[in-house]
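Inspection log for the structure reproduced underneath, given as structure tokens.
Just so it is clear, the model here is predicted, and its values are computed rather than measured.
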Amino acid sequence: MKFITNTHDLEKYLEIKIKKYSSFKNISIDTRKIKKNSLFFAIKGDNFNGNDFAEDALKNGALIAFVDDKKFINNTNKRIIYVKDTIQTLRKICRNIIKNYDGKVIAITGSNGKTTTTNIIAKTLDHSSSTIKNFNNQIGLPLSILNSSRESKYLVYEIGASKPKDIDYLSKILNPHIGIITNIGHSHLEHLKNIEGVLKVKSEIISNIKKNGCLIVPNCNQKYLAYWKSIRDDIDVITFGLTNSADFYPSNIKLTSIGIDFCIESKYLENNIQISSNLEGKHNVMNILASCAAHYYLKKDLNEFSKEINSLKFVVSRLKKSKWINNSTLIDDTYNANPDSTKKSIDLLSNYNGKTYLILGDMLELGRYKRSLHKEVGQYAYTKKIDTFIGFGELTKYSVDGFGKNGIFFDQEDELKDYLIQNISKNDVILIKGSRGMRMERFINV
């Protein structure tokens with residue numbers, strides 16, 4: 001059963017009176033996806049205004065519509081409820097839900113690995129609810145909470161940022177028992193300016209962790225670690241990393257094209273924890289370590305954690321493998337890209353036998369570093385012995401320059417598609433990646 005199932009729940013969490021009793025099955029912000037007996041929130045965006053479709057929502061099955069357009073102030077329809085700000089109304093509902101929730105709340109942020117770490121923790125904890133899809137912003141997080149089960153013992157949510165104060169806003173809603181920062185990397189630099197800006201916005205989560213709660217962070221940068229520890233002295237700090245200076249660290253790592261095998265070691269453990277997962281790449285070693293640390297803090301049986309990890313077949317939304325042109329292997333990583341996640345994908349690609357191709361679309365929102373970071377990615381691919389680097393867009397010409405020989409640049413979609421059809425052969429391995437705005441999935445169905 002979800003946290004909001006009827007108007008009595010709304011009255012409780014919003015502290016208002018609602019004239020008409022209704023029970024709800026779904027919560028929606030999109031009139032195109034309205035189902036019968038839904039609760040509708042009209043959201044204003046840069047290019048749309050949900051208020052304009054509130055009456056359509058009611059016709060399509062919504063029982064109540066929350067609106068914030070002043071034209072509704074004096075409306076007499078009991079099914080339309082005017083509020084000053086629908087986004088803040090969502091926030092208030094969810095803050096009050098969390099205040100009244102008896103289980104444990106875990107919040108995950110970071111430049112990369114948020115979604116995977118969230119999925120690992122949620123899937124290895126019994127009776128948990130977590131982020132739906134990639135709903136991790138000021139609208140998405142409340143929707144994830146409202147779609148969670150009130151019977152859950154654990155609520156596990158990722159929270160994302162594109163500008164200062166984003167993580168503060170979201171983590172104030174959650175007030176988590178455990179806050180996890182997966183890493184600090186080159187993401188959203190257009191608004192965060194530089195890596196220090198990324199550090200500061202991701203670190204906003206720390207102030208909103210419950211007193212006597214726990215912060216779980218990587219220890220690969222001692223400057224960052226010292227900064228995180230300086231913010232609070234009333235919470236525990238647990239570290240994870242690739243060396244034995246971390247509280248949780250790996251040994252005997254084996255990376256293959258079908259997954260990863262390694263042991264988790266820790267000063268807190270009497271015995272090592274053996275991990276064998278279908279997740280690929282060294283970056284997922286880090287995600288599993290962070291998840292193990294969360295289980296440890298929750299006093300869960302880590303042998304059970306190991307069994308769960310080893311038995312789960314993670315359905316990944318990124319790095320999906322399939323057969324492609326002329327029976328080649330395609331690795332679909334088209335969802336999004338920044339320099340750090342692209343390097344991790346290059347690491348993974350370099351583990352494969354056969355001729356390797358990286359098809360990269362522009363990495364967006366990098367501000368004044370966009371040229372140098374694109375070039376750096378090309379140079380990195382060269383050091384990892386990727387066979388062919390293909391750039392598409394405007395900025396990846398700097399990546400191609402950094403890669404050097406066997407780097408090819410395209411700015412026309414049809415020309416790139418023709419090249420792929422003519423050149424990709426059996427046993428080739430091709431990874432496609434790029435920022436969301438580049439729509440690199442267009443090259444999959446050539």
Exercise. Do D347 and K343 sit within salt-bridge range, that is, some charged N less than 4.0 Å from a carboxylate O?
Worked result: no
Problem set entry | For F389, all residues meeting ring pair (Phe, Tyr, Trp, His ring centres under 6.0 Å), sequence neighbours excluded | F403
Exercise. Should the pair K223-E196 be classified as a salt bridge under the 4.0 Å nitrogen-to-oxygen rule?
Worked result: yes
Exercise. Can you name the nearest heavy-atom pair linking P250 to G241, along with the distance?
Worked result: CD-O, 3.0 Å
Problem set entry | Residues K344, E280: salt bridge by 4.0 Å N-O rule | no
Exercise. Crowded around K92 NZ? As in, over 12 foreign heavy atoms under 6.0 Å?
Worked result: yes
Seminar exercise, completed: The complete set of side-chain hydrogen bond (donor to acceptor under 3.5 Å, both in side chains) pairs with one or both residues in residues 236-248, sequence neighbours excluded, reads N219-S245, T239-D247, T243-S245, D247-K267
For this session: Dump the intermediate steps for ring-ring contact (aromatic ring centres under 6.0 Å, His included) on F3 and Y13, then the final yes or no.
Result: CA-CA 10 Å; F3 284 106; Y13 294 126; 7.3 Å; no
Exercise. If you measure from the Lys or Arg side-chain nitrogens to the Asp or Glu carboxylate oxygens, is any gap between D333 and K433 under 4.0 Å?
Worked result: yes
Exercise. For N112 and S341, which heavy atoms make the closest approach, and how far apart are they?
Worked result: OD1-CB, 3.2 Å
Seminar exercise, completed: Heavy-atom nearest pair, N208 first then S171, reads ND2-OG, 2.8 Å
Problem set entry | Over 12 foreign heavy atoms within 6.0 Å of NZ, K385 | no
